[in-house]
Amino acid sequence: MAPIVVTGIGLLCPFGNTVSAFMAGIMGDEPVFKPVSYDHLPDGSAGFILNHVPRSEFPKMKRLPPVSQYAFSACLDALDDAGLAVGPDNGHRIGLFFGTTNGASHATQVIYDTLFLKGPRLVEPSLFQETVFNASVAHISIALGIKGPSFAFPGCICSGGYAIETAMMYLQAGLIDYALVGGADEYSALVHQSFSHTRLLAGDPALRSVPFDRHRHGMRVSEGAAFVVLEKATTFYTRVTTRLPYAILESVQTGQDGTTTLEAHINPKGLALQLAHHLGHAPAGPLDAVVASASGHPALDQFEAEAVGAVCPGVPMTSIKGTLGETQGASVVFNMVVAMGAFSTHPLAPVYGLSTPCHDQNPIIDRPLAMVFRRILIHFCFFGGICGSLILKRVTEGGGHDT
Amino acid sequence: MTHRVPVAITGMGIVSPYGVGNARFFDGLMANESAIQVHDGLPIGKIPGVSPLVSHRFREVVALAFDAAACDAGLSVDDLKEMAGWIGTAHGDLPRWETLGDSSSAVASLMALGWQKDRMRVVSTACTSSTIAIGLASQLIATQRIQRAWVLGVDLLSGFIINGFQSLRAMSPDTCKPFDRNRNGLILGEGAGVLVLESEHACQERRRTPYAWIKGFGNALDAFHMTAPHPTGKGMLAAIGQALGEASLTPAAIGYINAHGTGTRLNDQMEYMAFDALMRQGLPPHTPMSGIKWAIGHTSGAAGILECAVSAVGVSGQHVPGIPTLQATDPGFPCLTVPRQAIPMTHTTVLTVNAAFGGSNAALIVGRDVA
């Protein structure tokens, strides 16, 4: 079966709205968080996408909710990067696979404010249509003429993983030729309320939100949008001869560890089982690094560290969420970009601010890790027992991959 | 088009505006009785007999659907917990969030029904959510990645949903009359359905006779408008074509169509265009088509699973519903054959379709026989 490769990347994040800005940001020592304050909610801090300029050739984009604007821009950038034009001859062979945690939360909030404060007659119909989770990909399809299958997965941090998994299945089955896969989330009072209410945040800016740190207090959430173009390697090499794909998507698997909403399994057994199952069915070979999901939450980080440590002992592990924050629906794809950067010229970013790790799972601290990376695992997990992992492999000259 | 292996529907559990349980649903539907009632001046399809407390309602409805499905499939709920699962929902437990401000019970809270041991995913593509969930789950079984799965489709009514649709001026003040010349909008409803899906091998292992087989699935976008379907029905037709292709069937094989049939002017017009095009591709003239939204309302993300259940039971040799609220077929739909009452189903293949905001279209081919 022809391998599935990543051929285009587009993203928006609080560091900036290009891949180079993202890579520079995760290597730096400037977290993106700004103070946020909403009425009747605890204060906190979050990362926001700045200086987003909608594409001039799509003027209607400006009227969309932020999450759809961000998704649209990231998807367009990924298409441009892949050198893929959408037209009448291929629109039906392109699928859209999208992950988001909260969708157009601000639009939802505006509707509720209108309902309760002004009455139902003043609810804006143009807002209601934006509150379905597939609204963002719908706008992409309408603007570009994409008529293939489309999916939206509201699976919190694992949303992107579900999107990748389904896209891979569709490509391998030959149901589509190209998959536009990504995720996006905006920040709003509703999002702030959700995370505050469930006590996931390191609310006070003075509290540490350092992944895997012994003294971590919670996560910080950021806006973000990231898309990749996936296709079979044979398809790519037929249309592009001037460069290699960014990576091979070797395998992906999602799972569940059978727990309740706001807890993780009392031991990381479920996460470890899923990871072991994935690696047991994936092609054999050593892993050079793990890009983790850890975002500074006391329980989740510990469980992830123990699970990864049990299944992949000694493999260097990092997380970028100390600087970038938790980007929710886009986080899996952001972590893929980290891995793909490591395959090319960038070292693997250290965990920002980590000085006293809560585990001995060989965390990357103090300085970036530079080596020849061949195979990197991206792990994702969240409360509710949802979890998963995917493996990216480096593409070598000649279009193959290191074994 | 890739041919795929049929997947058995071996159990179902339904909670609907008729009440709790499969019997109430099918008895009411086939007796041509509407479950729509007026609440606060608005005709809606509301589930009776469950807790009125929004803090409990969603989970109670879901639990009842699972209990019924497990029993119907000859399994225990513990057996279901060991299976992979798919959830299709447009808004999840929105009523709870709306009333209690408990944002942990938004869609993502479905990820933890509290006991799932195998993989579970949520698909949310508005009104095609559970159809797509069925399609994805059946694709995993058909490709032998798993042997069994459950699929849950669920959506409950809330002020947000009702007022949202009212803002679109999409709702009928009286009756849902799909394909009627005087149709004037949709009626909202709520419901939950669970289907148990198994491979042929898993069925044989348990010596289980399925209701029917899912033979094909299609999913395509209109790329047209956020709330209005493509007037030519091209997106719907594309989804139907994919589903037929997977089933290795032509339109000539279809014996009944379970339409999305919301009762809005635009949706029904779009579906007519798609079905008319299908007739030019070989769909037999006078192929009966109907739906269930006249009876229980438009249940959003749950519509697909409830309509698939109707299709499965129908094709297993029983009856399919009519549309008794249809008084005079739109003269612009000359080739539609819509029974006014439930009719016996003699054909072996059914097409069930759904459409959604954002131009999402989904289709399933459900057959009586595995081959």
Side-chain angles (χ1 to χ4, degrees), chain A residues 91-92 96 101-102 108 111-112 115 120-121 123-125 127-135 137-139 141-142 144-156 158 162 166 169 173-175 190 193-194 197-198 253-262 274 382-386 388, chain B residues 1-2 4 81 85 90-92 98 101-112 114-126 128 132 136 139-140 143 145 159-160 162-169 218-227 234-235 238 242 356-360:
Chain A
H92 63 293
L96 284 159
T101 300
N102 292 294
T108 302
I111 291 174
Y112 271 116
L115 267 178
R121 289 183 186 274
V123 170
E124 279 271 357
L127 279 185
F128 179 66
Q129 70 193 31
E130 301 298 335
T131 63
V132 292
F133 286 90
N134 59 316
V137 288
H139 286 300
S141 87
I142 292 166
L144 301 182
I146 293 172
K147 298 181 180 178
S150 76
F151 305 88
F153 301 101
C156 291
C158 301
Y162 301 134
T166 308
M169 183 170 74
L175 296 170
L190 205 62
Q193 176 192 10
S194 300
H197 186 91
T198 44
Q253 188 182 93
T254 59
Q256 181 87 15
D257 78 352
T259 56
T260 59
T261 312
L262 285 176
Q274 180 277 321
F382 198 62
F383 290 116
I386 53 177
Chain B
M1 192 71 64
T2 310
R4 65 129 150 201
K81 293 179 185 182
H91 289 95
E98 182 176 291
D102 182 353
S103 49
S104 66
S105 292
V107 169
S109 77
L110 281 171
M111 304 306 295
W115 41 252
Q116 186 61 17
K117 299 278 176 58
D118 200 336
R119 66 192 81 181
M120 182 169 66
R121 298 162 189 82
V122 181
V123 177
S124 188
T125 54
T128 53
I132 289 178
L136 287 174
Q139 279 175 335
L140 284 177
T143 52
R145 291 170 212 231
F160 184 91
I162 292 171
N163 288 292
F165 274 97
Q166 284 183 319
S167 76
L168 289 170
R169 301 186 184 181
N219 175 5
L221 286 162
D222 279 347
F224 178 68
H225 191 272
M226 273 305 291
T227 53
K234 284 199 296 190
Q242 290 171 20
F357 279 3
S360 174

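Worth saying up front: this structure is predicted, and the values here are computed from it rather than measured. So you know, we letter chains A, B, ... as the sequences are listed, proteins then strands, and number each from 1.
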*Check whether any side-chain heavy atom of Met169(A) lies under 4.5 Å from a side-chain heavy atom of Leu136(B), and answer yes or no.*
yes
*Gly388(A), Ser150(A), Pro120(A): which one forms the most heavy-atom pairs within less than 4.5 Å of chain B?*
Ser150(A)
*How far apart are the closest heavy atoms of Ala223(B) and Ser141(A), and which atoms are they?*
CB-O, 3.3 Å
*Is there side-chain contact between Val122(B) and Phe133(A), with at least one heavy-atom pair below 4.5 Å?*
no
*Which one of Arg169(B), Met226(B), Gln139(B) has the most heavy-atom pairs closer than 4.5 Å to chain A?*
Met226(B)
*With a 4.5 Å limit on heavy-atom distance, are the side chains of Ile142(A) and Phe224(B) in contact?*
no
*Taking all non-hydrogen atoms of both residues, which atom of Asn134(A) and which atom of Ser360(B) are closest, and how far apart?*
ND2-CB, 4.3 Å
*Name the member of Ala138(A), Cys158(A), Pro149(A) that forms the most heavy-atom pairs with chain B at distances under 4.5 Å.*
Pro149(A)
*asked:* With rounding to the nearest 0.5 angstrom, report the CG to CG distance, Leu144(A) to Leu221(B).
replied: 11.5 Å
*Pick from His225(B), Lys234(B), Arg145(B): which one has the most heavy-atom pairs with chain A under 4.5 Å?*
Arg145(B)
*Where is the tightest heavy-atom contact between Met120(B) and Tyr162(A), given as atom of each residue plus distance?*
O-OH, 3.7 Å
_Least distance between heavy atoms, Pro125(A) atom then Leu168(B) atom_ = CB-CD2, 3.6 Å
*Under 4.5 Å, counting heavy-atom pairs only, tell me which of His139(A), Glu130(A), Gln253(A), Glu124(A) racks up the most with chain B.*
His139(A)
*asked:* Classify the ring geometry of Phe160(B) against Phe128(A): parallel below 30°, tilted from 30° to 60°, perpendicular beyond 60°.
replied: tilted
